[in-house]
Student: 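Pasting a structure below so you can have a look.
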Amino acid sequence: MPSSNNKHHLEDYAPIVTAGVINEIEELARLLGPAKIVNVNSTKEGGGVAEILGWFIPILEDLGMTVEWKVITGNTEFFTITKKFHNALHGQPEEFTQEMFDSYLDNVEKNAPEIPDDADFVVIHDPQPVAMIAQYPNRSNRWAWRCHIDLSEADLRVWGFLRPFVERYDGAVFHLPQYTKNLMSPQFILPPAIDPLAPKNEELTDDEVTAILYRLGVPRDKRIILQVARFDRLKDPFGAIRAFKLVRSWYDCRLILAGGSATDDPESQAVLAEVQDMAGDDPDIHILNLPPDSHREINALQRAATVVIQNSRREGFGLTVTEAMWKAKPVVGTDIGGIRHQIIHGNSGFLIHSVEGLAYRIRQLFGNEDIAKRFGQQAREYVRNNLLVPHHIRRWLLVFHSLRQTNGDLITLPPQKVTE
Ligand code: UDP
């Protein structure tokens, strides 16, 4: 039975994924028992982590778990430092002083949320709260560090500082194999997922799409190129504008850069101003600075797009790519991180290495509607089989089981029941 207030039950997903996945989840949850799970991140709104926790928690609760979501607080200085950590872990050059590391630790000590003693599992998301594990030297519960970013080219100084904290955890969980590190502690691979039933991804009629675009001031009179991304240099909105200008000399079209800012990113206002400046008064470039709850708006934009682009320099996973693929859109994205993992080049989209390449592939899709349609359908099937809520829940339950197996016991699952 579909539930109200956008909270869904596991069985609501049964018509979308194969029945075996749902059965396996129920069995894994039953074997785990009514565990208490505490999640800690650094923002309730904006960005992929908040997006995932929004659906992850109600479903675990539905499966009998008690789940809490806590947020580490901090002043602008703290979030400026953690944004520098974020950039440096993504391999960007950043300057650090010892005072910054001290200030970070000081803030974590003062502002980390309290973890209840009766929690069975504690999941700490990303670097902002990672050091709080040091405050629990005598803990008896199992802690996992959930890393949502690409650490493959992490700055050695920042990683060297964070690593001793990470190694205190019972396990570290990464999106992709290439993000794992040489750690003393166990590591798990667990890609994120999207919720097909959420306002961000639910079906919309064409009239609804048109009405929402009208409200956003975007006519549907010509082809649309769309990038959805926080206003962040690593998402390279500037390159997207350059590519759009190259495409426009061949095809009349619009570019939409839809974004917003996360409360843990002090840089976004400056980036937005620069993007607006570069767009100037071009009537075909729409810079939409959306509030964090603009889920239906993003849904409509993705559905209205002819081609979706993701011109990021670094990307932990790129949920915006997943969202567009689920809407059967061909996506042209940079050949990096999670984008490379999702788009099968020449099958469900294109992977590119330059602004010129981006423009060339957009033109190719504009000129070949059949290919664009086929790519979109293949993209949707890929997401259906790999990157939806049930796949993610199933993988997390396996991680919780594994974290609990301190004595090396194996979990024995009964054979999968496949009901049609
Ligand atoms: N998003 C949003 N509003 C925005 C920009 C992004 O709601 O203005 C959503 C987007 O639809 C996606 C998530 O935030 O669900 C971004 O996740 P992604 O992995 O693409 O990037 P991150 O922001 O975590 O780097």
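Reckoned from all heavy atoms, side chains included, excluding hydrogens, waters and symmetry mates. For this chain, numbers begin at 1 and follow the sequence in order. We count ligands from 1, going down the list as the structure has it; atoms in each ligand are counted the same way.
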Student: What protein heavy atom sits nearest atom 6 (C) of ligand 1, and how far off is it?
Tutor: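 Its nearest protein heavy-atom neighbour is V228 CG1, 4.0 Å.
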Student: Touching ligand 1 at all, L290? Heavy atoms, strictly under 4.0 Å?
Tutor: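 Flag not set, L290 not near ligand 1.
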Student: Measure centre to centre between the rings of F375 and F350, then say whether the value is under 6.0 Å.
Tutor: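 Yes, the ring of F375 comes within the 6.0 Å limit of the ring of F350, centre to centre.
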Student: Would you please say whether a donor-acceptor pair under 3.5 Å links the side chains of H175 and R146?
Tutor: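 Per modelled atom types, H175 and R146 side chains form a pair under 3.5 Å.
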Student: Considering only distance and modelled atom types, tabulate donor-acceptor pairs under 3.5 Å from the side chains of residues 252-259, sequence neighbours left out.
Tutor:
from: D252; atom 1: OD1; to: K222; atom 2: NZ; distance (Å): 3.3
from: R254; atom 1: NE; to: D221; atom 2: OD1; distance (Å): 2.9
from: R254; atom 1: NH1; to: P283; atom 2: O; distance (Å): 3.3
from: R254; atom 1: NH1; to: D284; atom 2: OD1; distance (Å): 3.3
from: R254; atom 1: NH1; to: H286; atom 2: NE2; distance (Å): 3.1
from: R254; atom 1: NH2; to: D221; atom 2: OD1; distance (Å): 3.2
from: R254; atom 1: NH2; to: D221; atom 2: OD2; distance (Å): 3.0

Student: Kindly identify the option in L234, I339, L319 whose heavy atom sits closest to atom 20 (O) of ligand 1.
Tutor: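 Closest candidate by heavy-atom distance is L319.
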Student: Counting each atom of ligand 1 from 1 as listed, which ones have a heavy atom of G318 under 4.0 Å away?
Tutor: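 Checking each atom against G318, I get 19 (O), 20 (O).
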Student: Please state which protein non-hydrogen atom is closest to atom 9 (C) of ligand 1 and give its distance, to 0.1 Å?
Tutor: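 Among all protein heavy atoms, the one nearest atom 9 (C) of ligand 1 is K200 NZ, 3.5 Å.
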Student: Show the atoms of ligand 1 that are less than 4.0 angstrom away from any heavy atom in E51.
Tutor: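 Answer, ordered by atom number: 15 (O).
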Student: Do F96 and F161 make the cut of ring centroids closer than 6.0 angstrom?
Tutor: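 Centroid distance F96-F161: not below 6.0 Å, so no.
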Student: Geometry only, no angles: is A229 polar-contacting ligand 1 at N/O separations under 3.5 Å?
Tutor: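 In fact, backbone or side chain, A229 has no N or O that close.
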Student: How far is atom 23 (O) of ligand 1 from the closest protein heavy atom, and which atom is that?
Tutor: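 Atom 23 (O) of ligand 1 sits closest to the protein heavy atom R230 NE, 2.6 Å.
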Student: Can you name the atoms of ligand 1, numbered from 1 with element, that are less than 4.0 Å from a heavy atom of G260?
Tutor: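 Atoms satisfying the 4.0 Å criterion: 4 (C), 8 (O).
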Student: Is the closest heavy-atom distance from K235 to ligand 1 below 4.0 Å?
Tutor: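 Right, K235 reaches ligand 1.
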Student: Checking ring-ring contact (aromatic ring centres under 6.0 Å, His included) between F85 and each of Y104, F79, F78, which is the one that passes?
Tutor: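 Only match with F85 under ring-ring contact (aromatic ring centres under 6.0 Å, His included): Y104.
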Student: Sequence neighbours excluded, which residues qualify as salt bridge (charged side-chain N to carboxylate O under 4.0 Å, His left out) partners of E99?
Tutor: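 Testing E99 for salt bridge (charged side-chain N to carboxylate O under 4.0 Å, His left out), a comparison that skips the adjacent residues, returns none.
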Student: Can you tell me the protein heavy atom closest to atom 24 (O) of ligand 1 and the distance?
Tutor: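 I find the closest protein heavy atom is G48 N, 3.0 Å.
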Student: Among side-chain atoms of R380 and Q377, is any donor-acceptor pair under 3.5 angstrom?
Tutor: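 The answer is no; no qualifying pair exists.
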Student: Any side-chain donor paired with an acceptor under 3.5 Å for D102 and Q98?
Tutor: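 Side-chain D/A pair, D102 to Q98: present.
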Student: Is there a heavy atom in E315 that sits closer than 4.0 Å to ligand 1?
Tutor: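 Yes, E315 has a heavy atom closer than 4.0 Å to ligand 1.
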Student: Closest non-hydrogen protein atom to atom 1 (N) of ligand 1, residue and atom name please, with distance?
Tutor: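 Going by distance alone, atom 1 (N) of ligand 1 is nearest to I298 CD1, 4.0 Å.
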Student: Is it the case that over 12 heavy atoms from other parts of the model lie below 6.0 angstrom from the CG atom of D370?
Tutor: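 No, not enclosed.
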Student: Please determine if R242 and D236 form a salt bridge, counting it only when a charged side-chain N lies under 4.0 Å from a carboxylate O.
Tutor: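 So R242 does not pair with D236 through a salt bridge.
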Student: Considering distance alone, does some N or O of E323 sit under 3.5 Å from an N or O of ligand 1?
Tutor: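 N/O-N/O distance under 3.5 Å: yes.
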Student: Hey, does G259 sit under 4.0 Å from ligand 1 if you only count heavy atoms?
Tutor: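 Contact check G259 vs ligand 1: positive.
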